[in-house]
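Written below as structure tokens is the structure these notes are about.
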Amino acid sequence: MQVFKVIIKTIRKNFHVLSIYLIVFVGFMVLMSSVQSSGGSSMFSEVKRTVMIINHDSGNVIADEFADFMKRASIPIDPVETEEEMLDALFNEEADYILIIPEGFSADFLSGSYSNALEQQSIAGSRSAVWTDMKIRKYMDLLRLYTKLSDVDVNDSEAIRALTEKVEKQMNTETVVIYPVGVKKQGNEFTAMYFKFMGYSLMAVTILGIGFILKIFNGRDFRNRLRCSPEKTSNVNIQLVIGSLCFAAVAWLVLILIAITFSYFEGIKPWIWLTVVNSFVFMLSTLCMSVVLGLVVKGENARSAVANVVALGSSFLGGIFVPQEFQSEIVRKIAGFLPAFWFVKAIDEIQGLSSFTWNNIRPIMMYMLIQLIFGVAFICVAMAVSRERSRRTV
Amino acid sequence: MVVKVSNLVKRYGDLIALDHLDLEVRDGEIFGLLGPNGSGKTTAINCILSLLSIDKGDIEVFGEKMTPSSYHLKRDIGIVMQNVAVVEELNVLENIDFFCGLYVNDREERKKLVDEAIEFVGLTEFKKFYPKKLSGGLLRRLNIACGIAHKPKLIILDEPTVAVDPQSRNNILEGIVRLNQAGATVIYTSHYMEEVEQICSRICILDKGKMIAQGTKEELKGMIRIGEKITVEFLSGRPEDAVDWMGAMPHVASVECKENRLLIKTEVGKNGLEGILSELKKRDIQTGLIYCELPTLNDVFLEITGKELRDV
Amino acid sequence: MFWRIFRYRLISNIRDVGTLFWTLVFPLCLATFFGLVFPNITSSTITFETVNIGVYEAVDYPGDPYLIENLKAAKQSENVDLFHVTQYESIDEAEDALQNKEISGYAVITDQAVLHFSGSGFNQTIIKSFFDQYTQVRSAIVDIASENPGAISEVASLFEEEVEYTKSTFAGRDKPDSILIYFYSLIAMTCLYGGFQGQKEIMHIQANQSSLAARQNISPVPKLKLFGSSILSVTLVQYLSILILIAYLVFVLRINIGDRIGMILAAAFAGCCLGISFGALVGAVVKGGEGIKVAIIISFSMILSLMSGMMQASIKIAVEKAVPAFKYALPGNLIANTFYAIYYFNDNERFYFGMALMIGISIVLYAILTLILRRQRYASI
Ligand SMILES: Nc1ncnc2c1ncn2[C@@H]1O[C@H](COP(=O)(O)OP(=O)(O)OP(=O)(O)O)[C@@H](O)[C@H]1O
Ligand SMILES: [Mg+2]
């Protein structure tokens, strides 16, 4: 039990370093739960863009009807007051497009000057700009057609309203789309995000913690003293393994409890338990990786450096922070060599499950298996390294 | 008077680290500050240097009151601290130059001083080494070089020779004596009384923050009743039996028995060995080893505090 | 004296690989990760690319001869076509092309157009939009003709001229790009990691924190002089680290952070001072060992980087939305937003405000530090 006690003491002594990652984790949770997310859909649906519509010509039929149409056609964003806020909204992608209907727009339109009558702010040449421009053009072309070709009295708002209604009616004509009916992902993105982020904290904490433990037990003095002590080497090693496992498991448990607590506010879905299993598997492979790193890397500073680089690197490349679907092919290929990649892939898959049939679960099992294989590979490396070590030092 | 400390009191919370301490260090002497671990030597030095706030008392250096901003006084003080204080990222040469540079502005002069200091501690071969790569003893020597390179008038050394091997230690001690002969006043702190006895002209013994004795080593030894310490090994007869009659002899201050040996302390000024030998012969006691020692500072300490200096 | 201490502190700081790892190597590693991950992350800022579309015209139906012409003629901008049209001989061919992802969808044109897609995405939306519009205009013409047959002759002339209904009043200096949030946040983190350097320097000066400091306090060099030269050297090292990071972002990763180099240099310097002074204050004020102080600095910088969007840009946006003052009150966001202002705003008000705040805070922190450092005797060391 001696060894075990030393492990506990070591961890307690270095707790303040480990707690940093706990704080960051909780901080992330709190912040994320205040951020909005959007759900998926199951039919062919047009991609919609966020448009901020600022109507300075309200009270006039054309401007109002047009603004209404744009609101229905896009994801409308609440208008802001200042130029600065508009720029912020564009930069932060809260609004993809800002459409400003200037004062007197309706009157100008009717008098025939429509060219450059509207003001817009967007990212020139971007998809969103193309999309929104098309929507505007669609409406304006029709409206122009109607106003030009049917003589209406410019001052007769009733007649104008009749025109806009006609335009609206035409707008309902849609092209027929043939679209394969597929299984669509229905997910709880937040919970998935929590569990993914947990992977980051788990990596950081485990690599550091195992580093602390191995530092003590691999110090030559300590090793030699152990050799001279009545405890058997195999006994020591078993205690070491169990101790490390316990540490990693406790870290895992703490993090998983936090993640589940936060998910609770989102509503717990049955698949969450599969995610828990997945994260446990990931913990095992991380533990094995930590052992390798702990054996290879020397020095306090270097260890914490490596812990951070590996944890953050795996997280960025593996898709913990940034969804895998956004990554380029090459990055995804590279990331395949990281357990974190498969950990995230499994979560994505689990999140998209429509039912728990074997066929659906099989790929998830595969991903977990890959993580375990990584673990075994790490263990082999660790054993090779430590054998090499002990041959050299005694 | 180079340093004058009067009535100094320093507390760490409830612990009284220095208890009404009075010290006087005269110009040109090597002043030894001797005491067991935790007796307050380092604390006393830090107070003298104005690093620590004090609760009571006056401290004068070179006849002036010492304050943290007495830069003109600090310029003439060299310090070798108990904890090694060197810059990790600088090599031996740069370290010494850095510390010397805090005192000496002229580049040429500094170069000369640095070379001398390296010579002095014998680190010539290690000039380009970084502190991390130096052994404990070499590091200590670097620490010393950093402290004395600028040829200060007052040198304070706080246990400079810990972990230094005997030969280098002797070199350092000789060096200190040389510095002293060249005009520097030295305050030397140690719990090795042999060192202190060897080089110090005046000694102050501290215990639990109190000064228990101060003076030249002769004066100190004069303060106790012991003149000589005689050890007699008994080959026949039981030494226990001898304790009584031996104690009754004139000039014998105390008798103690350890296994088959008798430890006898005689009074100052009287040569007791002869009397003891003849008495032993008279009683027909066969003796083996007999030797006679002069009292050490340890005896002084033992006499005054009732405990050994060595094994505190 | 001042410059000699400065020189030696500079040498030490450059050789202190442990700290440089955090202030230089680590940010460079992160920048590399960002560079790998982010090139095509958000969909809305992606530049529009011509959509590949297939068309199959039913043989038995002559169709509208203009439809395909119109498809081909449609333009996104002067140089970019909206569609690249491929005509297929049979539906099967078109279906194959769709499955092979050669085209985003195909239209089967009989008396009406029917669109075939294999997924719903942006390109499909554009295709559908086009066809919707096409049918709607045609149906509108029919509608109008039924009421006012004479008007039909004008239709052609109406569509002769391409009308641009909107004009851009975008007032930003440069293209909005939310990816930059990540990189600004990275710069902010690097600035804040300067805290390690500040803390280290304080440890070398406060006699109760290290024996080296105690030793220097006994020398005839006034403490503030020691402090000044140390901080100056560490600021230089940290500033260089930040500049290396920025150079790496600009020249290696090809991130556009704006062309106002003077302002970028100034903001980097102000951020650098902010980070160092923050760390120095932690070093001077917080009781406890070096471990605790480093832990505090790491936690703070991590949380502040998180808030400034390092791991999720949406976090920054949400945080600033919830409490607008956080734009400037959180040091990480303050630094990030100053860089953002340089890149994005023609009006320099934000930039100057950010700069003034960063410098102001640094000055206040240094003033507090000076007061603390003036104390020269310690109750215990
Ligand atoms: N910073 C401190 N806070 C509290 N107590 C202290 C502090 N420094 C020293 N002490 C206590 O003050 C007493 C004197 O310590 P000091 O370091 O002066 O002893 P010393 O004579 O130099 O011993 P050594 O031979 O071990 O160097 C000791 O009891 C020590 O425990
Ligand atoms: Mg001491």
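Throughout, protein chains are lettered first and strands after them, A, B, ... in sequence-line order, and every chain is numbered starting at 1.
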Under a 4.5 Å heavy-atom cut-off, does chain C meet the side chain of [X], its backbone, both or neither?
{"X": "B:Asp76", "result": "neither"}
{"X": "B:Tyr12", "result": "side chain"}
{"X": "B:Val80", "result": "neither"}
{"X": "B:Val86", "result": "backbone"}

Within the structure provided, determine whether [X] and [Y] are in side-chain contact (heavy-atom separation under 4.5 Å).
{"X": "C:His204", "Y": "B:Val87", "answer": "no"}
{"X": "B:Leu102", "Y": "C:Ile5", "answer": "yes"}
{"X": "C:Arg377", "Y": "B:Ser50", "answer": "yes"}
{"X": "C:Ile11", "Y": "B:Glu89", "answer": "no"}
{"X": "B:Tyr103", "Y": "C:Pro220", "answer": "yes"}
{"X": "C:Val221", "Y": "B:Tyr71", "answer": "no"}
{"X": "C:Tyr378", "Y": "B:Ser53", "answer": "no"}

Look at atom [atom1] of [X] and say whether more than 12 heavy atoms of other residues, nucleotides or ligands are closer to it than 6.0 Å.
{"X": "C:Tyr239", "atom1": "OH", "value": "yes"}
{"X": "C:Leu224", "atom1": "CG", "value": "yes"}
{"X": "C:Phe300", "atom1": "CZ", "value": "no"}

Nearest 0.5 Å, what's the [atom1]-[atom2] distance between [X] and [Y]?
{"X": "B:Asn95", "Y": "C:Ser12", "atom1": "CG", "atom2": "OG", "value": "8.0 Å"}
{"X": "C:Ser380", "Y": "B:Leu15", "atom1": "OG", "atom2": "CG", "value": "11.0 Å"}
{"X": "B:Asn46", "Y": "C:Ile218", "atom1": "CG", "atom2": "CD1", "value": "6.5 Å"}

Worksheet item: Is it true that B:Glu94 and C:Arg15 have a side-chain N and a carboxylate O under 4.0 angstrom from each other?
Response: yes
Heavy-atom proximity to chain B below 4.5 Å, by part of [X]:
{"X": "C:Ala207", "answer": "side chain"}
{"X": "C:Arg4", "answer": "side chain"}
{"X": "C:Arg374", "answer": "neither"}

For residues [X] and [Y], report the shortest heavy-atom separation together with the two atoms involved.
{"X": "C:Ser211", "Y": "B:Asn83", "value": "CB-CB, 3.8 Å"}
{"X": "B:Ile79", "Y": "C:Arg215", "value": "O-NE, 3.5 Å"}
{"X": "C:Ala379", "Y": "B:Leu52", "value": "O-CD2, 3.8 Å"}

Worksheet item: Among side-chain atoms of C:Tyr8 and B:Asp97, is any donor-acceptor pair under 3.5 angstrom?
Response: yes
Worksheet entry | Evaluation steps, side chain to side chain contact (heavy atoms under 4.5 Å, CB included), between B:Phe98 and C:Arg7 | CA-CA 10 Å; B:Phe98 170 66; C:Arg7 198 173 65 98; over 6 Å; no
Worksheet item: What residues of residues 108-138 of chain B sit under 4.5 Å from chain C when you count only heavy atoms?
Response: B:Arg110, B:Tyr130
Fill in: Options B:His150, B:Gln82, B:Met81, ranked by heavy-atom pairs under 4.5 Å with chain C, top entry
B:Met81
